[in-house]
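Report on the structure given below.
Heavy atoms only: backbone and side chains are in, while hydrogens, waters and symmetry mates are out.
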Amino acid sequence: MPKTEILVQRIRDTIASEGYAHNDRLPPEREMCTKLNVTRNQLRGALARLESRGLIWRHVGRGTFVGERPVLNLDDVLYLRDQVTPPHVASVRLVIEPELARLAAMHSTPADREEIHACASRCREAPDWRSYEAWDNKFHHAIARSAKNKLFLYYFETLNVVRRSMVWGQPRKTSKPDKNYSSFLEHDQIRQAIEGKDRDFAAHCMKQHLHSVYGRILPSMDETAGDVRATIKDS
């Protein structure tokens, strides 16, 4: 394997092992060179290959970020963040993500399904909440990519960037998810439905999963939470 490809794989392994999620910022190039024991030119060559494959994106003056470059710029994300509430985010996810799961059951490849399975497994193995949330984000993003619909993926990624820019303030009573954490089983049900190509059940499982997640989060947030609870109840 060429040296640049070996470095590309080392960077990918670092991103995975350290729990970086979509649109998370990577360390500065200087730090990455020291960590990987490579020159600045070697690092930049590997980053260029990762960027050409849609695995990272770079913004001059702001840094290197995980995943494909969002259509929205960072200023637009901040504007949207200030215009919406967490219940708005939840209600849009309830519309978009079940359909993405349905499409994933129809169009995902074996490699896509392997990635979804791996993300679900890493959620169970997470040593802390930060790591769990990173792998949970990757799980949902893997499903969105496997739907094979660029326009849906654009809407998902826009929503995801806005969602991750918001402060949710969810209280944590433990250092990591309990071994019986409900999302583990819900992830498995979604994954199995996608693997079984059962598109209607995949959509149903995703909707139930989001109901479960926001049923836990929103009641403790603010008075607008009632809006999305009504949406959930009527859907």
Query raised in the report: Minimum heavy-atom separation for H187 to C123, with atom names?
Result: CE1-SG, 3.9 Å

Query raised in the report: Which heavy-atom pair separates A105 from A193 by the least distance, and what is that distance?
Result: CB-O, 4.2 Å

Can any side-chain N or O of [X] pair as donor or acceptor with the backbone N or O of [Y] at less than 3.5 Å?
X: Q208; Y: C205; value: no
X: D112; Y: T109; value: yes
X: W129; Y: T174; value: yes
X: K176; Y: Y132; value: no
X: S131; Y: P127; value: no
X: S183; Y: E186; value: no

Find out whether [X] and [Y] are in side-chain contact, i.e. whether some heavy atom of one side chain is under 4.5 Å from a heavy atom of the other.
X: F156; Y: L100; value: yes
X: H211; Y: L94; value: yes
X: H140; Y: H209; value: yes
X: R216; Y: S182; value: yes
X: T14; Y: L36; value: yes
X: R93; Y: Y214; value: yes
X: I15; Y: D24; value: no

Validation: residues 113-120 side-chain donor-acceptor distances under 3.5 Å, sequence neighbours left out:
from	atom 1	to	atom 2	distance (Å)
R113	NH1	S108	O	2.6
R113	NH1	S108	OG	3.1

Tell me whether [X] is salt-bridged to [Y], with the criterion being a basic N under 4.0 Å from an acidic carboxylate O.
X: K173; Y: D178; value: no
X: E5; Y: R49; value: yes
X: E99; Y: R102; value: yes

Query raised in the report: Does V213 belong to the same Ile/Leu/Val/Met/Phe/Trp/Tyr cluster as W135, with side-chain heavy atoms less than 4.5 Å apart forming each link?
Result: no

Query raised in the report: Under 4.5 Å between side-chain heavy atoms, hopping through other hydrophobics if needed: is there a path connecting V38 to L55?
Result: yes

**Report entry** Polar side chain donor-acceptor pair, R163 to N137, under 3.5 angstrom
**Finding:** yes

Query raised in the report: If you measure only the distance, is there a donor-acceptor pair under 3.5 Å linking the side chains of Y20 and R25?
Result: no

With rounding to the nearest 0.5 angstrom, report the [atom1] to [atom2] distance, [X] to [Y].
X: E29; Y: T39; atom1: CD; atom2: OG1; value: 10.5 Å
X: L210; Y: S91; atom1: CG; atom2: OG; value: 11.5 Å
X: Y155; Y: L159; atom1: OH; atom2: CG; value: 12.0 Å
X: Q42; Y: N37; atom1: CD; atom2: CG; value: 9.0 Å
X: M206; Y: I194; atom1: CE; atom2: CD1; value: 6.0 Å
X: L7; Y: M32; atom1: CG; atom2: CE; value: 8.0 Å

Report task. Flag yes if more than 12 heavy atoms outside R58 fall under 6.0 Å of its CZ atom; otherwise flag no. Result -> yes

Report task. Kindly check if the number of other-residue, nucleotide or ligand heavy atoms within 6.0 Å of CZ (R130) is above 12? Result -> no

Report task. Would you please test Q83 and H88 for side-chain hydrogen bond (donor to acceptor under 3.5 Å, both in side chains) and show each step? Result -> CA-CA 10 Å; Q83 300 301 311; H88 292 151; over 6 Å; no

Query raised in the report: Can you list every salt bridge (charged side-chain N to carboxylate O under 4.0 Å, His left out) pair that touches residues 8-19, not counting sequence neighbours?
Result: E18-K35

Query raised in the report: Hey, mind stepping through F65 and H59 against ring pair (Phe, Tyr, Trp, His ring centres under 6.0 Å) and telling me if it holds?
Result: CA-CA 8 Å; F65 301 83; H59 187 292; 7.3 Å; no

Query raised in the report: Quick one: are the ring centres of Y181 and F184 less than 6.0 Å apart?
Result: yes

Query raised in the report: Can you list the steps and then say if R145 with H141 is a side-chain hydrogen bond (donor to acceptor under 3.5 Å, both in side chains)?
Result: CA-CA 6 Å; R145 287 196 308 271; H141 198 265; 2.5 Å; yes

